[in-house]
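Below: one structure, written as C-alpha cells.
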Amino acid sequence: MTLKHTTMEADIDRILISRQQISQRLDEMAREIAAVYPLKGEGLVVVPILAGALIFVADLIRRLPMRTQIGLLLVSSYSGTSGSEPRILFAPGSQIRGRDVLIVDDILDSGRTLQAVKVDLCRHEPASLRSCVLLRKPGKAPPEAGADFVGFDIEDVFVVGYGLDFNSYYRNWPDIAVLRPELYR
Ligand code: XMP
C-alpha cells in the first residue's frame, strides 16, 4: 500500500451504506432488540467481537433502554490449511452464567467467527444467547451460524468503514464503503 501521499477519502471507490442509513437502521434494530428482552431486572450482557464491532456496539447500546453490561471478546483469525480459522483470545467467562447474552459483530460472512464464539460462550450456560450483526452476506453462513438481528444484507464485496478494516485502516470511516480495487493489489 502506498499511502504516504493520498488521503483516506481518495482511497474510497464507493459508499455502499451511508452514515445516515446506518443511523436510521440502528434506531430500528434497537427497537427490535428491546422487544425481545425484559426492560426490568439485570438486563443484557452485550458481547462485542473486537475490534470490528467497536463502533457498531457503541452506537447500538446507547439506543437500548434496558440495563446493559459489556463483556469484551477478542478473536484473531489465522491461516491454516483449510483457510482462515478464528481463534478466541479473550472472552467473558462466569460473568455470563444465567444471563441474557447478546453477541454483537460487524459482519457475518462465512459464519466461522460467530459459530466459534457461540460455542465458546455456551460453555458458561447463559440463560439465552442471541447474536446481532450489522452486515450479512446472504447465503454464505450455515444456518447454525446465523444471526438473530441483522442490519443490512449486502453483496459479496469486501467492505470497510464503521469499524471494518483493511490492514487495520479505515475503521474510522463513518460509512460502509468499498475501496478502490488497486489498493488490494
Ligand atoms: P466470518 O467469515 O468468520 O467473518 O463470518 C467474520 C469476520 O471476518 C471479517 N470480515 C470482513 N472484514 N470486510 C472487513 O473489513 C469484509 O468484507 C469482511 N468480511 C469478513 C470481520 O472481522 C468479521 O468479524
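Each ligand, and each atom within it, is numbered from 1 in the order the structure gives. Positions are given from 1 along the sequence. Source: prediction; values computed, not measured.
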Closest by any non-hydrogen atom to atom 23 (C) of ligand 1: pick that one out of Leu108, Asp106, Leu50, Ile154.
Asp106
closest protein heavy atom to atom 7 (C) of ligand 1 is Thr113 OG1, 3.8 Å
Which ligand 1 atoms, with their elements, are less than 4.0 angstrom from a heavy-atom of Asp105?
24 (O)
Going by the atom numbers of ligand 1, which of them fall below 4.0 Å from some non-hydrogen atom of Ser110?
1 (P), 2 (O), 3 (O), 5 (O)
If you count every heavy atom of other residues, nucleotides or ligands that lies below 6.0 Å from Glu32 atom CD, does the total exceed 12?
yes
Of Asp165, Ile55, Ile15, which meets side chain to side chain contact (heavy atoms under 4.5 Å, CB included) against Trp173?
Ile15
Just which atoms of ligand 1 are under 4.0 Å from any heavy atom in Arg112?
3 (O), 5 (O)
In terms of residue, atom name and distance, what is the protein heavy atom nearest to atom 11 (C) of ligand 1?
Ile107 CG2, 3.8 Å
Residue-level breakdown please: for Lys137 versus ligand 1, do any non-hydrogen atoms fall below 4.0 Å on the side chain, on the backbone, on both, or on neither?
side chain
Val119 backbone acceptor or donor facing Arg123 side chain under 3.5 Å:
no
Okay, side chain of Arg136, backbone of Gly151: is any donor-acceptor separation there less than 3.5 Å?
no
Just need the protein heavy atom nearest to atom 19 (N) of ligand 1, so name the residue and atom and give the distance.
Asp109 OD2, 3.0 Å
Spell out, as yes or no, whether a donor-acceptor pair under 3.5 Å connects the side chain of Arg25 to the backbone of Val150.
yes
Give the single entry among Ile49, Ile176, Val159 that approaches atom 14 (C) of ligand 1 most closely by any heavy atom.
Val159
Please report whether atom 4 (O) of ligand 1 has a protein non-hydrogen atom at a separation of less than 4.0 Å.
yes
Min heavy-atom dist Asp165 to ligand 1 below 4.0 Å:
yes
Who's the nearest protein heavy-atom neighbour of atom 12 (N) of ligand 1, and how far?
Leu164 CD2, 3.7 Å
Flag, side chain of Lys118 to backbone of Leu129, donor-acceptor distance under 3.5 Å
no
Touching ligand 1 at all, Val157? Heavy atoms, strictly under 4.0 Å?
yes
Under a heavy-atom criterion of less than 4.0 Å, does Gly111 contact ligand 1?
yes
Does Phe90 have more than 12 heavy atoms from other residues, nucleotides or ligands lying within 6.0 Å of its CZ?
no
With a sphere of 6.0 Å drawn around CZ of Arg180, does it hold more than 12 non-hydrogen atoms of other residues, nucleotides or ligands?
yes
Crowding at CD, Glu9 (>12 non-hydrogen neighbours, <6.0 Å):
no
